[in-house]
Asks: 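My structure is below; once you've seen it, I'll send some questions.
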Amino acid sequence: MFQTYRRGLFILSFLAAPVTLYLVYVISPYAQAFYIAMTDWRGVTATPDFIGFDNFIRLFSDGIFWKAVTHNAALLVLLPLLTIVIALFFAFLLNVGREGRGVAGVAGSKFYRVVFFFPQVLAVTVVAVLFQQVFRPDDSGMLNAPLMALGLGPFGFLSDPGLAFWSVLGVMVWQAVGFYVVLFSAGLASIPRDMFEAAQIDGAGRFSLFFRVTLPLLWDTVQVAWVYLGILALDVFAIVWVMTDQHGGPDFSTTVMATEIYRNAFQYFRFGYASALGVVMFFFTIGFAILSLRLSRRERIEY
């Protein structure tokens, strides 16, 4: 009994510091945000007035909020789907894509891994500024210059409400896909080569090799990638804020929940309303993560 007691004290002595830090710097800010969401605090008073759920009632009748939710929901579906499909395709080519006997990646696969990963070393704001120049609506833009030379432009990739959202999505996929190519490549490298070679001997082509061998064995990695990309889609801020007109425009065609939180807090000084937005976003993110893990759960394949 005494040994068990001493062991418990020993474990608690190691847990005390990290648990305290977690409570102070993680749980406490969440609790404060939930409280502020039920006040009319504007950031300048020491004692804000408690107004209950008024901010949430106002929130759900706000058209801009619903535009932001719609854009986040579209990103929630399209960003993980496009990024994972493209990353799986390239990872498969870099590891198992060479034709002929044996299992190997395409020629120059090591070089391609570095090229694909390059966007990850750039800060998000740098990527946003870079693509502002790529999408310039004149003959100095990287996309519009050749299009105008062919008589097809110019296109307002960031100034046209019908194109701006898709331009933001394209940039997000471009930035994210390299990391997941490397992630899926690491997963493929952990799969015994014998399994691929046995499938080839049995007559499996590249299509069957991908869908019947590669994808089932990488399912756990794909599941994690989907959750992380979904959280990224809900939490996107810097690219939209820096790259787009009017920080979410034009005409709120690219606005997302994170930009509306910042706008309401630091431009309109409605901290209570911004906190209500943050609380809704928090529950969206937690709900998405739980739902994704439950729906994508399947029996683990041992090898």
Asks: Would I84 and V222 count as a side chain to side chain contact (heavy atoms under 4.5 Å, CB included) here? Give the steps.
Replies: CA-CA 7 Å; I84 289 173; V222 171; 4.1 Å; yes
Asks: Could you point out which residue of L130, I239, V242 forms a side-chain contact (heavy atoms from CB on, under 4.5 Å) with T125?
Replies: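 The passing option is V242.
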Asks: Got a sec, which residues hit ring-ring contact (aromatic ring centres under 6.0 Å, His included) with F237, two or more places apart in sequence or on another chain?
Replies: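 ring-ring contact (aromatic ring centres under 6.0 Å, His included) check on F237 returns W241, Y262.
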Asks: With heavy-atom distances below 4.5 Å as the criterion, would you say the side chains of F165 and H71 are in contact?
Replies: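 Yes, their side chains come closer than 4.5 Å.
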Asks: Is there a donor-acceptor pair closer than 3.5 Å between any side-chain N or O of T20 and the backbone N or O of A16?
Replies: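 Checked: pair present.
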Asks: Would you say the side-chain atoms of D49 pair up with the backbone N or O of D40, donor to acceptor, closer than 3.5 Å?
Replies: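 No: the side chain of D49 does not pair with the backbone of D40.
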Asks: Count the heavy atoms belonging to other residues, nucleotides or ligands that lie under 6.0 Å from CZ of F34, then report whether that count exceeds 12.
Replies: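 Above 12, so yes.
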Asks: Might you point out which heavy atoms bring W66 and T70 nearest each other, and give the distance in Å?
Replies: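 What the structure gives for the nearest pair is O-OG1, 2.8 Å.
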Asks: Please say yes or no: joined through hydrophobic side-chain contacts below 4.5 Å, possibly via intermediate residues, are V127 and V129 part of one cluster?
Replies: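 Not linked; separate clusters.
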Asks: Less than 4.5 Å apart, side chain to side chain, heavy atoms only: is that true for L169 and L82?
Replies: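 Yes - at least one pair of side-chain heavy atoms lies under 4.5 Å apart.
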Asks: Return yes when atom OH of Y22 has more than 12 non-hydrogen atoms of other residues, nucleotides or ligands closer than 6.0 Å, and no otherwise.
Replies: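 No, because the 6.0 Å sphere around OH of Y22 holds 12 heavy atoms or fewer from other groups.
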Asks: Does CZ in F56 sit with more than 12 non-hydrogen atoms of other residues, nucleotides or ligands closer than 6.0 Å?
Replies: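 More than 12 within 6.0 Å, yes.
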Asks: At their closest point, which heavy atom of F116 faces which heavy atom of P119, and how far apart are they?
Replies: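 The answer is O-CD, 3.2 Å.
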Asks: Side chain to side chain contact (heavy atoms under 4.5 Å, CB included) for F284 and L76? Distances and angles first, verdict last.
Replies: CA-CA 11 Å; F284 277 174; L76 191 61; over 6 Å; no
Asks: Is there a donor-acceptor pair under 3.5 Å between the side chain of R263 and the backbone N or O of G248?
Replies: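 No; zero donor-acceptor contacts below 3.5 Å.
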Asks: With sequence neighbours excluded, give me every ring pair (Phe, Tyr, Trp, His ring centres under 6.0 Å) pair touching residues 139-164.
Replies: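 Residue pairs passing ring pair (Phe, Tyr, Trp, His ring centres under 6.0 Å), neighbours aside: F135-F157.
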Asks: For the pair W41 and F271, name the ring-plane relationship: parallel under 30°, tilted 30 to 60°, perpendicular over 60°.
Replies: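 Answer is tilted, since the angle falls between 30° and 60°.
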Asks: Looking only at heavy atoms, what is the nearest atom pair of P29 and V24, with distance?
Replies: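 Smallest heavy-atom distance, with atoms named: CD-O, 3.4 Å.
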Asks: Do side-chain atoms of S61 reach the backbone of R58 as a donor and acceptor pair under 3.5 angstrom?
Replies: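 Present.
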Asks: Does the N55 side chain pair with the main chain of A37, one donor and one acceptor, at a distance under 3.5 Å?
Replies: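 Such a contact is found between N55 side chain and A37 backbone.
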Asks: Output yes when a side-chain donor or acceptor of N144 lies under 3.5 Å from a complementary backbone atom of R136, and no otherwise.
Replies: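 Checking the backbone N and O of R136 against the side chain of N144, a donor-acceptor pair under 3.5 Å is found.
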Asks: Is there a side chain to side chain contact (heavy atoms under 4.5 Å, CB included) between T259 and V256? Walk through the geometry before answering.
Replies: CA-CA 6 Å; T259 59; V256 291; 3.8 Å; yes
Asks: Main chain of F50, side chain of T39: is a donor-acceptor contact present, judged purely on distance under 3.5 Å?
Replies: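 Judged by distance alone, no pair lies under 3.5 Å.
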Asks: In terms of hydrophobic clustering (I, L, V, M, F, W, Y; side-chain heavy atoms under 4.5 Å; direct or indirect links), are M172 and F117 co-clustered?
Replies: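 Both belong to a single hydrophobic cluster.
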Asks: Under the 3.5 angstrom rule, does the side chain of Q175 hit a backbone N or O of Q120 as a donor-acceptor pair?
Replies: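 Not confirmed, Q175 side chain does not pair with Q120 backbone.
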Asks: Any side-chain to backbone donor/acceptor pair from D251 onto S253? Under 3.5 Å, distance only.
Replies: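 Side chain of D251 to backbone of S253: no pair is present.
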Asks: Any chain of hydrophobic side-chain contacts (each under 4.5 Å) joining V177 to L122?
Replies: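 Linked within one cluster.
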